Amino acid sequence: MMDLGNRVLNMVLPPASLVILAFAWPALIFIGACERLWIALFGEEMMEDKVVIITGASSGIGEQIAYEYAKRGANLVLVARRENRLRGISENARLLGAKNVLITAADVVKEQDCTRFITETVNFFGRVDHLVNTASLGHTFYFEEATDSSVFPILMDINFWGNVYPTYVALPYLRQHGGRIVVNASVENWMPLPRMSLYSAAKAALVNFYETLRLEVEDSIGITVATHGWIGTEMTRGKIMVEEGAEMQWKEEREVHASGSVEEFAKMIVDGACRGDAYVKYPSWYDTTFLLYRVFSPKVLNWTFRLLFDNLSSRRTSFIGTRRPLMDPVRLESRPPGRLLAGPDPVHVHHQPLKLE
């Protein structure tokens, strides 16, 4: 009986849902336009004197988001592993209008570090209004060619737990003042791309976590999920860069030179967060083009990507675990596998309290 019911629903519900959506679409567009107009005129959140914590703030998207909040007069707490990079950024932020800027060296994949910098923020300012998670780590290797599986949990740690832990600790403080969480996701969370299997899986887990959390917190805390397309030329060319002076000697996604405008994307994120948008998409045509094929004709999308990537990139052995400078592929191929980190032993960050700059 259950099987019969499911068969009937399989035949009836999909076409019925499309018909209902077609008739409701004009009304939904009108309601959405009215809502955006109302927010533009009366509903945009003023950030002056409010407190914003930004993780991954040492460069790239995180740095530019800090500048956008600074222009709005917010108090900033900048978090990254490299404190020396944060000093210059904090000075730039103050010149752009930030009232106070605190900096701290912390690792967002460690819950105790997240507890420390959020607790110190609350002790200093008495509140948290926005939590902006931008820490992210990408890769461009084929899964079957990875030579060191120890990288797998590291990718998940930074891309997933590096967002979950700050959120977990900050949640009660955000709830007190109707705060907002801003998430740096990626279009790869739903669009399959070769050489990004682990990264895509981590981003998919991240987006689904926040979509579920949105339902759990209801209207007490806002959540803005920002997704971007291909904005890093080094990433898309399959290079893994060395980051100096940090525990993880891969160059992080937020630090890659961008072919798209990081400044524009950062401004869109902050504008969207202050309007209370649930989603910020850069560029927006990704969803209207690729997502339609993903939903209605996934085979066409898969065939297209196979043709594109077969022509544009050849398979190569991953350089993970070679212990050689990753900028020299020829020399790397002649070395036996070693451990995950390349070059000299990593410099460990000494965690220090928040500093007012």
Side-chain angles (χ1 to χ4, degrees), residues 51-70 74 76-90 92-93 98 101-111 113-114 116-118 121 128 130-139 154-170 180-186 188-189 199 202-203 206-207 209-210 224-228 231-232 234-235 241 243-258 262-263 265-270 273 280 282 349 351 354:
V51 180
V52 181
I53 299 175
I54 304 173
T55 67
S58 61
S59 54
I61 293 174
E63 176 184 356
Q64 295 303 321
I65 286 176
Y67 295 154
E68 292 299 323
Y69 275 110
L76 302 180
V77 179
L78 306 181
V79 182
R81 290 172 302 185
R82 294 169 300 167
E83 187 177 308
N84 60 321
R85 278 284 299 149
L86 293 176
R87 293 194 183 100
I89 294 170
S90 67
N92 294 337
V101 183
L102 307 185
I103 64 173
T104 184
D107 190 343
V108 291
V109 304
K110 298 177 180 178
E111 183 180 352
D113 278 21
C114 298
R116 173 176 55 82
F117 69 73
I118 289 174
T121 299
V128 177
H130 282 200
L131 170 66
V132 184
N133 296 313
T134 71
S136 186
L137 179 66
H139 71 83
I154 294 174
L155 285 163
M156 181 60 72
D157 283 346
I158 295 176
N159 290 310
F160 183 72
W161 295 113
N163 289 262
V164 172
Y165 285 140
T167 299
Y168 174 70
V169 179
R180 177 165 293 274
I181 302 167
V182 182
V183 187
N184 175 34
S186 174
E188 281 86 5
N189 78 85
Y199 175 79
K203 289 298 185 180
L206 181 67
V207 171
F209 166 75
Y210 281 108
T224 298
V225 177
T227 57
H228 60 78
I231 61 172
E234 299 293 344
M235 287 283 293
M241 308 290 288
E243 177 188 354
E244 297 178 356
E247 294 181 19
M248 187 64 171
Q249 288 188 290
W250 281 0
K251 191 152 189 172
E252 300 193 22
E253 174 199 19
R254 64 176 188 272
E255 300 181 79
V256 177
H257 296 294
V262 177
E263 293 82 359
F265 183 44
K267 186 177 188 307
M268 287 178 62
I269 290 175
V270 177
V280 174
Y282 177 79
V349 174
H351 303 304
L354 288 168

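Remember, predicted model here, so these are calculated numbers, not experimental data. All values below were derived from every heavy atom in this structure, side-chain atoms included, with hydrogens, water molecules and symmetry-related copies excluded. For this chain, numbers begin at 1 and follow the sequence in order.
The backbone N or O of N159 lies less than 3.5 Å from a partner atom in the side chain of N163, making a donor-acceptor pair. Remark: side-chain polar atoms of S90 are not paired, donor with acceptor, to backbone N or O of V101 under 3.5 angstrom. In terms of modelled atom types and a separation under 3.5 Å, the side chain of D113 and the main chain of D107 share a donor-acceptor contact.
Residues P166 and L131 meet the side-chain proximity criterion, which asks for heavy atoms closer than 4.5 Å. At least one side-chain heavy atom of L206 sits under 4.5 Å from a side-chain heavy atom of Y210. At a threshold of 4.5 Å between non-hydrogen side-chain atoms, the residues T224 and I269 do not count as touching. Counting heavy atoms from C-beta on, the side chains of L155 and Y199 never come closer than 4.5 Å. Between I65 and E68 the shortest side-chain heavy-atom distance does not fall below 4.5 Å.
Residue I103 holds its CD1 atom at 13.0 Å from CZ of R82, rounded to the nearest 0.5 Å. With rounding to the nearest 0.5 angstrom, the CG atom of L86 is 6.0 Å from the CG atom of L78.
Considering every non-hydrogen atom in both V270 and Y69, the closest pair reads CG2-CE1, 3.8 Å. The two residues A93 and L76 come nearest to each other via the heavy atoms CB-CD1, 3.8 Å. Closest non-hydrogen pair, S58 versus R85, comes out as O-NH2, 2.6 Å. Minimum interatomic distance between V52 and A74 (heavy atoms only, all atoms of both residues): CG2-CB, 4.0 Å. Contact detail for A57 and A80: the closest heavy-atom pair is N-CB, 4.1 Å. Heavy-atom minimum distance, R116 versus A106: NH2-CB, 3.4 Å.
When each of V182, T167, I54, I53 is paired with N133, the side chain to side chain contact (heavy atoms under 4.5 Å, CB included) condition holds for T167 and for no other.
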Practice problem: Kindly indicate, with the supporting measurements, whether the criterion side chain to side chain contact (heavy atoms under 4.5 Å, CB included) is fulfilled by Y165 and V108. | Solution: CA-CA 7 Å; Y165 285 140; V108 291; over 6 Å; no
Quiz prompt | Derivation and outcome, side chain to side chain contact (heavy atoms under 4.5 Å, CB included), residues F265 and N184 | solution = CA-CA 10 Å; F265 183 44; N184 175 34; 4.1 Å; yes
Practice problem: Show the numbers, then the answer: is there a side chain to side chain contact (heavy atoms under 4.5 Å, CB included) between L102 and F117? | Solution: CA-CA 10 Å; L102 307 185; F117 69 73; over 6 Å; no
Quiz item: Does the side-chain hydrogen bond (donor to acceptor under 3.5 Å, both in side chains) test come out yes or no for K203 and S136, once each step is laid out?
Solution: CA-CA 9 Å; K203 289 298 185 180; S136 186; 3.1 Å; yes
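A salt bridge links E83 with R87: the distance from a Lys NZ or Arg NE/NH1/NH2 to an Asp or Glu carboxylate oxygen falls below 4.0 Å.
Atom CZ of F209 is surrounded by more than 12 heavy atoms from other residues, nucleotides or ligands within 6.0 Å.
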